[in-house]
Amino acid sequence: MARGFDRRRRKPCRLCEAKITSVDYKDERLLRRFIVERGKIIPRRVSGNCQKHQRQLTRAVKRARHLAILPFTAETYR
Amino acid sequence: MRLYETTIITDTQLEEAETENQIKLIEDLIKRGGGEIVETQRWGTRRFAYEVKGKRQGNYTYFLYEGEPTIPSSLQDAFKVNEKIIRFLTVVSEINLEAKKAEIAARKPAPEPTPTPKEPENDVASKYEDEEVD
């Protein structure tokens with residue numbers, strides 16, 4: 001591959017693949033896939049999401065947090 | 001006119017009648033503001049991801065409605081003074097209204113909820129019995 005290392009292959013956006021037009025804050029199962037155990041949103045660089053979907057995702061996660069569907073942080077972290 | 005979604009969380013300690021009453025109140029408020037309710041969904045009791053006002057679970061209700069921007073603000077005023085409502089969230093909906101209405105219309109003709117067949121308790125045993133017959 002061109003430029004640098006071979007491992008720099010672009011990951012496909014999983015939300016594009018799933019043909020999701022708008023990320024829904026009510027869809028807990030979907031959102032859970034894009035947060036770490038601790039509750040943090042997984043960065044685009046890691047998840048491979050496209051810019052558009054990442055923007056929708058962060059917004060959806062934040063809305064879900066407000067409704068206590070998703071955690072802000074893990075409650076008890078041992 | 002805009003399409004809005006409002007989700008409220010009420011206390012699970014409330015009696016069912018009182019919860020219903022609260023929902024009615026909100027629906028009235030939407031209608032009085034000139035809005036049109038598309039759908040009201042009861043999500044039932046859900047566990048919180050974190051404690052809210054010292055509680056670990058809440059009763060979720062979701063409203064989808066069309067109306068002028070004055071409605072969400074009037075709802076907000078009502079929610080703020082209402083202690084029975086633990087939390088609320090109003091967003092401009094991205095749902096395709098036409099598709100949603102079609103979906104609701106498609107759901108309507110079959111209002112009879114098919115009673116979930118009660119699994120006999122010795123189901124596992126009966127399955128084994130079947131195998132034995134073989």
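All chains are named by letter (A, B, ...) in the order of the sequence lines, taking the proteins before the strands, and each is independently numbered beginning at 1.
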Worksheet item: Looking at OH of B/Y62 and NZ of A/K26, how far apart are the two atoms once the value is rounded to the nearest 0.5 Å?
Response: 3.5 Å

Worksheet item: How about B/R42: does its CZ atom have over 12 heavy atoms from other parts shown lying under 6.0 Å from it?
Response: yes

Practice prompt. Please round to the nearest 0.5 Å and tell me the distance separating atom CD of A/Q56 and atom CD of B/E94.
Written response: 6.5 Å

Item to complete: Answer yes if B/F63 and B/F88 sit in the same cluster of Ile, Leu, Val, Met, Phe, Trp and Tyr residues linked by side chain heavy atoms under 4.5 Å apart, and no otherwise.
Response: yes

Fill in: Greater than 12 external heavy atoms within 6.0 Å of B/E83's CD
no

Discussion item. What part of A/F72 gets within 4.5 angstrom of chain B, counting heavy atoms only: side chain, backbone, both, or neither?
Written reply: both

Worksheet item: Does a sphere of radius 6.0 Å around CZ in B/R2 hold more than 12 heavy atoms from other residues, nucleotides or ligands, not counting ones at 6.0 Å or beyond?
Response: no

Worksheet item: Does any N or O in the side chain of B/Y60 come within less than 3.5 Å of the main-chain N or O of A/L67, such that one atom is a donor and the other an acceptor?
Response: yes

Practice prompt. Tell me, with the steps shown, if A/Y25 and B/T7 meet side chain to side chain contact (heavy atoms under 4.5 Å, CB included).
Written response: CA-CA 11 Å; A/Y25 62 93; B/T7 310; 3.8 Å; yes

Discussion item. With a 4.5 angstrom heavy-atom cut-off, is it the side chain or the backbone of A/L70 that approaches chain B, or both, or neither?
Written reply: backbone

Discussion item. Using the rule that Ile, Leu, Val, Met, Phe, Trp and Tyr join whenever any side-chain heavy atoms are under 4.5 Å apart, tell me whether A/I41 and A/V36 fall into a single cluster.
Written reply: no

Worksheet item: Got a donor-acceptor contact below 3.5 angstrom from the A/H66 side chain to the B/R87 backbone?
Response: no

Discussion item. Other residues, nucleotides and ligands only: do more than 12 of their heavy atoms fall within 6.0 Å of CD on B/E16?
Written reply: yes

Worksheet item: Hey, any chance B/I9 and B/L14 share a hydrophobic cluster, counting ILVMFWY side chains that come within less than 4.5 Å of each other, even indirectly?
Response: no

Discussion item. Hydrophobic clustering (ILVMFWY, side-chain heavy atoms < 4.5 Å, transitive) - are B/I86 and B/F79 grouped together?
Written reply: no

Item to complete: Inspect the contact between A/E28 and B/R46 and indicate whether a charged nitrogen and a carboxylate oxygen are less than 4.0 angstrom apart.
Response: yes

Fill in: A/P71 to B/A49 - nearest heavy-atom pair and separation
N-CB, 3.3 Å

Fill in: Reported OG1-to-CG distance for the pair A/T21 and B/N96, which is rounded to 0.5 angstrom
9.0 Å

Item to complete: Side chain from CB out, backbone as N, CA, C, O: work out which of these in A/R63 comes under 4.5 Å of a heavy atom of chain B, or both, or neither.
Response: both

